[in-house]
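This structure is a prediction, so every number in the text was calculated from the model and none was measured. Note that ligands are numbered from 1 as they come in the structure, with each ligand's atoms numbered from 1 the same way.
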Amino acid sequence: MPSIVKPVATHPSLQRNELGFTVRDYEGGMSTLCAGCGHDSITAAIVRALWELAVPPHMLAKMSGIGCSSKTPAYFVSGAHGFNSAHGRMPAITSGAAAANRTLTYIGVSGDGDSLSIGLGQLCHAIRRNVPMLYVIENNGVYGLTKGQFSASADIDSKSKRGEPNRMAPIDPVTLALNLGATFVARSFSGDKEQLVPILKAAFVHRGFALVDVISPCVTFNDHSSSTKSYLYTRKHKVEATESNFVPKAQEIVAHISPNGHGANVTMHDGSVVRFTSLPANYDPTDRTRVMDYLQQHTGTGEVVTGLLYVNPSVPDMHEMNKTPDIALTEVPFEKLCPGAEVLDKLQEDWR
Ligand SMILES: Cc1ncc(C[n+]2csc(CCOP(=O)(O)OP(=O)(O)O)c2C)c(N)n1
Ligand code: SF4
Ligand SMILES: [Mg+2]
């Protein structure tokens with residue numbers, strides 16, 4: 001229990017969403033992270049996105065592994081379900097929870113260490129299965145919680161706080177996800193809430209697995225002048241490849257003209273729309289090959305390519321692939337869950 005607790009009183013002038021909740025209803029406990037940590041800005045963006053989407057707090061499940069980043073779910077939506085799993089095991093726990101209850105909205109918050117080192121296999125299989133969840137990587141290039149060792153996302157020649165250069169090639173979660181067939185892939189920056197909130201909203205409603213890699217500087221161990229995951233470096237080298245906003249299904253979509261004359265609308269499975277207001281020439285956010293070509297051209301340039309980079313709302317998710325019941329297992333009548341020895345014998349016979 002943190003020593004400082006947020007006051008429960010809410011200012012009467014605070015705006016309410018369609019469920020009658022204020023943004024305060026989507027907050028969590030007081031953060032115990034270092035002041036200025038990028039992870040806390042991501043928390044604020046998650047709170048905003050959930051409030052704007054009017055997700056009922058009790059219908060949200062917050063999942064995480066181990067790391068400073070994995071502490072994040074404690075800091076938003078106190079009224080949600082939550083499971084803080086073992087290091088790198090959040091995807092398996094989320095897959096199981098979603099299989100048992102598909103009616104909840106799932107968000108997993110992980111770190112670059114949690115996701116790209118110990119949990120790399122878990123992440124890959126959650127992508128392959130198209131587990132219906134928003135998967136946020138709070139990417140700072142280090143293991144913050146264990147005092148700043150390089151993680152697998154550290155760039156070649158990026159230096160540690162003590163001045164040692166990293167020699168190993170990084171694993172880029174965005175290209176990894178695209179290679180594995182991910183159906184929603186985005187990258188953003190903790191310092192850009194304006195870009196991050198609409199991306200998170202689209203990711204929440206996406207059918208299947210939505211990966212959002214967020215550069216999130218670690219002020220204590222990796223925010224110095226020779227780091228490529230610092231605030232300064234990211235601000236200087238951030239390139240907004242795609243600009244998009246999120247239009248909920250009830251709202252009218254008005255025509256738009258992008259600055260470079262190139263935009264697109266992508267209708268999500270629930271009827272809401274991602275409106276791309278600016279895209280690079282010849283870029284199609286629904287064409288995996290073109291997106292991968294674009295990223296390949298920008299690899300090794302030092303640029304940090306951001307935006308909702310790829311989306312395909314038409315691929316079946318884990319539930320459709322496995323024909324899971326529409327209701328939570330707890331709601332399935334006992335006779336159906338346990339149909340008796342005769343029915344099970346017949347089932348086995350059919351498989352012989
Ligand atoms: C099985 C296991 N191995 C190692 C650790 C030690 N450990 C705790 S957090 C962590 C890495 C965290 O890095 P990251 O996921 O990037 O999170 P950050 O703290 O940077 O947000 C490690 C190696 C552990 N807790 N459990
Ligand atoms: S050590 Fe780094 S990642 Fe962890 S809370 Fe502090 S600034 Fe954030
Ligand atoms: Mg980290």
*Just jot down the ligand 2 atoms closer than 4.0 angstrom to any heavy atom of L33, in number order.*
5 (S)
*So which protein heavy atom does atom 4 (Fe) of ligand 2 come closest to, and at what separation?*
C68 SG, 2.4 Å
_Please verify the inter-ring angle class for Y135 with F209; under 30° counts as parallel, over 60° as perpendicular, anything in between as tilted._
tilted
*Please state whether Q149 comes within less than 4.0 angstrom of ligand 1, counting heavy atoms only.*
no
*From M63 CE over to L104 CG, what is the distance, rounded to the nearest 0.5 angstrom?*
9.5 Å
*Provide the number and element of each atom of ligand 1 under 4.0 Å from a heavy atom of V142.*
16 (O), 20 (O)
*Has K62 got its NZ or CZ under 6.0 Å from the middle of the six-membered ring of F83, at an angle within 45 degrees of the ring axis?*
no
*Pair D192 + R235: basic N to acidic O under 4.0 Å*: no
*So which protein heavy atom does atom 4 (C) of ligand 1 come closest to, and at what separation?*
H87 CD2, 3.6 Å
*asked:* If the cut-off is 2.8 Å, does any N/O/S atom of G144 fall short of it from the Mg ion (ligand 3)?
replied: no
_Taking 4.0 angstrom as the limit and counting only heavy atoms of H39, give me the atoms of ligand 2 inside it, by number and element._
3 (S)
*Name the closest protein heavy atom to atom 2 (Fe) of ligand 2, giving the residue it belongs to and the distance to 0.1 Å.*
C218 SG, 2.3 Å
*asked:* Quick one about E240 and T306 (side-chain donor to acceptor, distance below 3.5 Å, no hydrogens or angles considered), yes or no?
replied: no
*Which protein heavy atom lies closest to atom 1 (C) of ligand 1, and at what distance to 0.1 Å?*
I118 CD1, 3.7 Å
*Tell me, which protein residue and heavy-atom name are nearest atom 15 (O) of ligand 1, and how many Å apart are they?*
D114 N, 2.7 Å
*Judging by distance only, is a nitrogen or oxygen of D112 under 3.5 angstrom from one on ligand 1?*
yes
*Please test D223 against K161 for side-chain contact (heavy atoms from CB on, under 4.5 Å), starting from the C-alpha separation and ending with a verdict.*
CA-CA 8 Å; D223 194 36; K161 205 173 170 182; over 6 Å; no
*Just to the nearest 10 degrees, tell me the angle at the Mg ion (ligand 3) spanned by D112 OD1 and N140 OD1.*
90°
*Test log, rule side-chain contact (heavy atoms from CB on, under 4.5 Å), inputs N101 and L329*: CA-CA 6 Å; N101 187 352; L329 289 188; over 6 Å; no
*Look at atom 7 (S) of ligand 2 and say which protein heavy atom is nearest, naming residue and atom and giving the distance to 0.1 Å.*
V219 N, 3.4 Å
_Proximal atoms of ligand 2 relative to F221 (non-hydrogen, under 4.0 Å)_ = 1 (S)
_So if I count the atoms of ligand 2 from 1 in the order they appear, which ones are less than 4.0 Å from some heavy atom of N140?_
3 (S)
_Looking only at protein heavy atoms, which one is nearest to atom 14 (P) of ligand 1, and what is the separation?_
G113 N, 3.4 Å
*What are the atoms of ligand 1, with element, lying closer than 4.0 Å to any heavy atom of G144?*
18 (P), 19 (O), 20 (O)
_Heavy-atom nearest neighbour in the protein, as seen from atom 17 (O) of ligand 1, with distance rounded to 0.1 Å_ = S69 OG, 3.1 Å
*Closest heavy-atom contact between N140 and S216?*
CB-O, 3.0 Å
*Parallel, tilted or perpendicular for Y283 and Y294, by the 30°/60° rule?*
perpendicular
*So, S158 versus D155: side-chain donor-acceptor pair below 3.5 Å or not?*
no
*For ligand 2, which part of C34 has a heavy atom less than 4.0 Å away: the side chain, the backbone, both, or neither?*
both
_From CA spacing to verdict: side-chain contact (heavy atoms from CB on, under 4.5 Å), F221, S160_ = CA-CA 8 Å; F221 297 110; S160 72; over 6 Å; no
*Residue T220 vicinity, atoms of ligand 2 by number, heavy atom under 4.0 Å*: 6 (Fe), 7 (S)
*Report, in ascending order of atom number, the atoms of ligand 1 lying under 4.0 Å from any heavy atom of H39.*
21 (O)
*atom 6 (C) of ligand 1: which protein heavy atom is closest, and how many Å away?*
T146 CG2, 3.8 Å
*Proximity to ligand 1 by part of L145, non-hydrogen separation under 4.0 Å*: both
*How far does OG1 of T72 sit from CD1 of I42, to the nearest 0.5 angstrom?*
7.0 Å
*Residue and atom name of the nearest protein heavy atom (relative to atom 25 (N) of ligand 1), distance in Å to one decimal*: I66 CG2, 3.7 Å
*Please report which non-hydrogen protein atom sits nearest to atom 13 (O) of ligand 1, along with the residue it belongs to and the distance in Å to one decimal place.*
Y143 CA, 3.4 Å
*Verify the distance criterion only: is there a donor paired with an acceptor across the side chains of T183 and N130 at less than 3.5 Å?*
yes
_Are the side chains of V311 and F276 in contact, using a 4.5 Å heavy-atom criterion?_
yes
_For a quick check under 3.5 Å, do Y26 and N17 share a side-chain donor-acceptor pair by atom type?_
yes
*For atom 8 (Fe) of ligand 2, which of G36, C37, A35, G148 has the closest heavy atom?*
C37
